[in-house]
Amino acid sequence: MGARSRRSAGNLPAELTSFVGRRHELGEAKRLLSAARLVTLTGSGGVGKTRLALRTAADVRRAFPDGVWLVELADVGDPHLVPNTVATAFGLRGTSDQAAGLAEYLEDKQLLLVLDNCEHVADECATLVAKLLAGSGGLRVLATSRHTLHVEGEHLLHVEPLPVPRAGDTGGPVEAVTLFADRAAAVSPGFALTPDNRATVSRICRRLEGIPLAIELAAVRVRVLSAEQVLERLDDRLGLLTARPAAVQPRRRTLEAAIDWSFALCTPAEQRLWAQASVFPGGFDLDAAEHVCAPAANGGGSTLDVVTGLVDKSIVRRQNGTFGRHAWYRMLETVREYGGARLAEGDEAGVRARLAGYYADLARRYRAEGFGPRQSEWLGRLRREHANLRAVLEHCLSGPGQASQALDIAASLWNFWFGGGLVPEGCGYLRRGLEQCGEHTLVRARALYAMAFLAIQTGAPHADLLAELTELAEEFDDERLRAGHAECAGMATFFTGDLTGGEELLERALAGYRTAGDALLVFDTLILLAAARFFLGDPRGAAAAEEALALTDRYEARWSRGYALWAVAIHRWRADQPRQAADLLHEAVALRLPDRTLLAFLVEALAWCHSAEGEHDRVARLLGGAGAVWRLSGARVGEMSPYQGIDEQCAALARKALGDDAFDAAFADAAGSGLDEVVRYALRERPATPVAGPAADPGGLTRRQREIAGLVARGMSNKEIAAALVLSGRTVEGHVENILVKLGLTSRTQVASWLAGQPEQPA
């Protein structure tokens, strides 16, 4: 982290279709961004604001060393969630004052933030943007909205429809015609502009007033119709549907009519699914469509056939790649809004009831299967479903009689709120649900546990929650609830420095969870016990850590394995085995899990290991890096006395060896690092730099990975390597995958050639 790379970063999606025209607007947007810190692209729906913003952001990416970051706000229903949504894009864990946390994170960054579809949360966006711009001189914001944000210093660029040819113009094709031809050729490869169809295509584009979305919807029809047939049907439909009240803007009427025309050309089953799928603001997969939309129940054929028909008509778009093992589908926001209006005319209540039931079942399945081989896949799925979960929870909490279902969902997801960096959001749903559902039920009891667990991790008040949880545990005579109270109370006691009292409560919790047969909570309590006993100097802590690690192997729980490796490592460090401890910590960091709290624990413990080895400059940088990750995580465990004490001891030794100035400089340099930089430094990887191709300098293997690479080069299988090194097969498999990625190789056989070209390493 002393020589950090200033590489391009961010999360801009790859373009799936060609970018047509907009040369003047593109140049003007880039000019404005070079002079102004907030630029808002305004214009009506479907005019192409998002596409212009993404192309602009991609073109100026090199000017922002800390990256270009896209935040899509179309699926945010609650304006208060805007700061948390922005924070999530940066991988920040939620805090009680998310805007302040964002401002602190961005304070020394040079990056471009793209806020897409701001109009429905404009006031909250304006407040947040003003605060962030005031706190970070290197931040610039590019927003898209149907109207201005009214922020001081805002520069506006109004996005007009594409130019269309004048009547009788026989010159070269203008942008609207080019877009139609490009999209038509994509669905009908034989299509091209010719002297015979040029006038017809030009008239189509004039009829649609150059609105890109309307043109694209019309262009896909050339798969089954000629250009003349498209124009004929379009003329009929537009003539009927644009006879709207004068108060409706002409271009809005044209776009609505074009979408209405597309709707009319769909089959009844496609129309139903279009309307019903509008309840998925974040998109959906085939399984969700089958359960929620149920076109087959209405005689519409298979869901796959109906979705395929909508994809063919460009109503539904398949996102690039797959989500886990499933394809993922989305609708443009304007198209989804139209579907929502259609749904409101039909059985919206029934669809939303099925939606709530589907996600209640999904949350319960996550709780049941979340400690197992699909653990990482589940976390990825819930992150992808986040917008849909929000929509369901908001709907259930805003209507009568459904708050209990929202509480059930939020309680089942307690571990996701924690691991996904969404603690304030999860607490908000749990709090609202508890306020609305006062009946003594098992769902309420589980929600009290979830709320208490999250509150303790962030230092929030929790005494009332634990008191009621105790009452309900006795009322229901439920051993799992008793154990939950003991776990939370023990965790709180431990974090405040009463190690003995915390250990006693955690032992009680462990016994209760064993009786209840809950493997996840047995694991969680073992980790807490291992930590408490570590600080007590109790050798039984090592056995608890080893048992936790064995549980992750038995259940193949990859995310949990990171915590178990940390627990085993700190006890190895306590036993004067700092190198073995560091190897375990490197293995955990190399998992590259999205859990910021775990990463902070790992980097902090690495500093302890290097302190024992006398590598004091590295200690200063690792402590600084751990502090940076703790800030990103939002958790406050690292500030609590047991952990802070060891940090201070290691820092004191490093200060004595380096001197105050050198220590402070190294610590401060690392404290300004991003997550990727902290991970690379912890693993002793070379800084990532832009390269021309696969000839990138390889290496950066940890000691364990180089050892495994040597065994791979000797032709040993993963099973043989696991036996030789006393590791699990899954661990070896993960190491081999990481080795191939780091070295830029595609097969195991290439590892031997790479090793042959490397200098000898000391034993």
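Just so it is clear, the values below take in all heavy atoms, side chains as well, and ignore hydrogens, waters and symmetry mates.
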Checklist entry - Within a strict 4.5 Å, meaning less than it, do heavy atoms of the V114 and W69 side chains meet? => result no
Item to check | From CA spacing to verdict: side-chain contact (heavy atoms from CB on, under 4.5 Å), T144, C118 | outcome: CA-CA 6 Å; T144 74; C118 299; 5.6 Å; no
Checklist entry - So which heavy atom on L73 is nearest to which on N117, and how close? => result CB-O, 3.5 Å
Next on the checklist: Keeping D182 on the side-chain end and V177 on the backbone end, is there a donor-acceptor pair under 3.5 Å?
Outcome noted: no
Checklist entry - With distance as the sole test, does K49 use its side chain to make a donor-acceptor pair with the main-chain N or O of D116 at under 3.5 Å? => result no
Next on the checklist: Working note: R330 + E72, criterion salt bridge (charged side-chain N to carboxylate O under 4.0 Å, His left out); need CA distance, chi angles, decisive distance, verdict.
Outcome noted: CA-CA 13 Å; R330 293 194 74 156; E72 297 175 338; 3.6 Å; yes
Checklist entry - Does any N or O in the side chain of D518 come within less than 3.5 Å of the main-chain N or O of L521, such that one atom is a donor and the other an acceptor? => result yes
Next on the checklist: Rounded at 0.5 Å granularity, tell me how far CG in L379 sits from CZ in R384.
Outcome noted: 15.0 Å
Checklist outcome for this item: Between I409 and the options V443, V392, D361, L362, the side chain to side chain contact (heavy atoms under 4.5 Å, CB included) test singles out V392
Checklist entry - Counting only heavy atoms not in H395, do more than 12 fall under 6.0 Å of its NE2? => result yes
Item to check | Intermediate values then yes/no, side-chain contact (heavy atoms from CB on, under 4.5 Å), V86 and L115 | outcome: CA-CA 9 Å; V86 176; L115 299 177; 4.1 Å; yes
Item to check | Whether F416 and H386 hold their rings parallel, tilted or perpendicular, with breakpoints at 30° and 60° | outcome: perpendicular
Checklist entry - When rounded to the nearest 0.5 angstrom, what is the spacing between CG in L157 and OG1 in T40? => result 10.0 Å
Checklist entry - Can E435 and R432 be said to form a salt bridge (charged side-chain N to carboxylate O under 4.0 Å, His left out), step by step? => result CA-CA 5 Å; E435 289 171 353; R432 289 166 62 188; over 6 Å; no
Checklist outcome for this item: Heavy atoms of A219 and F180 approach each other most closely as CA-CE1, 3.6 Å
Next on the checklist: Using the rule salt bridge (charged side-chain N to carboxylate O under 4.0 Å, His left out), only one of R221, K313, R51, R317 pairs with E216; which is it?
Outcome noted: R317
Item to check | Note: R223-D312 ion pair, threshold 4.0 Å (strictly below) | outcome: yes
Next on the checklist: Quick one, R364 and D408 - any side-chain contact, counting heavy atoms below 4.5 Å?
Outcome noted: yes
Next on the checklist: Using 30° and 60° as the class boundaries, would you call the ring planes of Y449 and W414 parallel, tilted or perpendicular?
Outcome noted: perpendicular
Checklist entry - Under 3.5 Å, side chain of S560 to main-chain N/O of A557, donor-acceptor pair present? => result no
Item to check | Test log, rule salt bridge (charged side-chain N to carboxylate O under 4.0 Å, His left out), inputs R390 and D75 | outcome: CA-CA 9 Å; R390 278 176 168 172; D75 53 18; 5.2 Å; no
Next on the checklist: Using 0.5 Å steps for rounding, measure from the CG atom of L413 to the CD atom of E385.
Outcome noted: 11.0 Å
Item to check | Residue pair A411 / L430: nearest heavy atoms and the distance that separates them | outcome: N-CD2, 3.7 Å
Checklist entry - Taking atom types as modelled, is there a side-chain donor on S302 or D305 under 3.5 Å from an acceptor on the other? => result yes
Next on the checklist: So does E270 get a backbone contact from the side chain of T267, meaning a donor-acceptor N/O pair under 3.5 Å?
Outcome noted: yes
Checklist entry - Passes side-chain contact (heavy atoms from CB on, under 4.5 Å), V201 versus L193? Steps please. => result CA-CA 8 Å; V201 172; L193 282 175; 4.0 Å; yes
Item to check | R383 and T88 side chains, donor-acceptor separation under 3.5 Å | outcome: no
Checklist outcome for this item: Tightest non-hydrogen contact, residues A89 and V71, listed as CB-CG2, 3.7 Å
Checklist entry - Side chains of N84 and E425: do they bring a donor and an acceptor to under 3.5 Å? => result yes
Next on the checklist: Tell me if the centroids of the rings in Y338 and W274 come within less than 6.0 Å of each other.
Outcome noted: yes
Item to check | Pairwise distance CG(N415) to CH2(W378) - rounded to 0.5 angstrom | outcome: 13.0 Å
Next on the checklist: Distance check, rounded to the nearest 0.5 Å: D347 atom CG versus R272 atom CZ?
Outcome noted: 11.5 Å
Item to check | Short side-chain to backbone donor-acceptor contact, Q271 and F263, under 3.5 Å | outcome: yes
Next on the checklist: Ring centres under 6.0 Å, that's the criterion: do F284 and W328 meet it?
Outcome noted: no
Next on the checklist: So, taking the atom named CD in E556 and the one named CD in Q375, what distance separates them when rounded to the nearest 0.5 Å?
Outcome noted: 11.0 Å
Checklist entry - Are the side chain of Q229 and the backbone of S226 linked by a donor-acceptor contact shorter than 3.5 Å? => result yes
Checklist entry - Are the side chain of S188 and the backbone N or O of A185 linked by a donor-acceptor pair below 3.5 Å? => result no
Item to check | Exceeds 12 heavy-atom contacts within 6.0 angstrom, atom CZ of R354 | outcome: yes
Item to check | Audit row: S18, R183, side chain to side chain donor-acceptor pair (under 3.5 Å) steps and yes/no | outcome: CA-CA 9 Å; S18 60; R183 300 302 189 258; 3.2 Å; yes
Next on the checklist: Using side-chain contact (heavy atoms from CB on, under 4.5 Å), reason through L102 and F90 one step at a time and then give a plain yes or no.
Outcome noted: CA-CA 9 Å; L102 267 170; F90 292 113; 3.9 Å; yes
Checklist outcome for this item: Closest non-hydrogen contact found for E119 with S145 is OE1-CA, 3.3 Å
Checklist outcome for this item: For V164 and A176 the tightest heavy-atom approach is CG1-CB, 3.8 Å
Item to check | Short side-chain to backbone donor-acceptor contact, D285 and A327, under 3.5 Å | outcome: no
Item to check | Heavy atoms from other residues, nucleotides or ligands near NE2 of H80 exceed 12 (cutoff 6.0 Å) | outcome: no
Item to check | Audit row: E348, R352, salt bridge (charged side-chain N to carboxylate O under 4.0 Å, His left out) steps and yes/no | outcome: CA-CA 6 Å; E348 181 175 6; R352 292 201 177 276; 3.0 Å; yes
Checklist entry - So, does T127 use its side chain to make a donor-acceptor pair with the main chain of D123 at under 3.5 Å? => result yes
Item to check | Minimum side-chain heavy-atom gap S376-R558 below 4.5 Å | outcome: yes
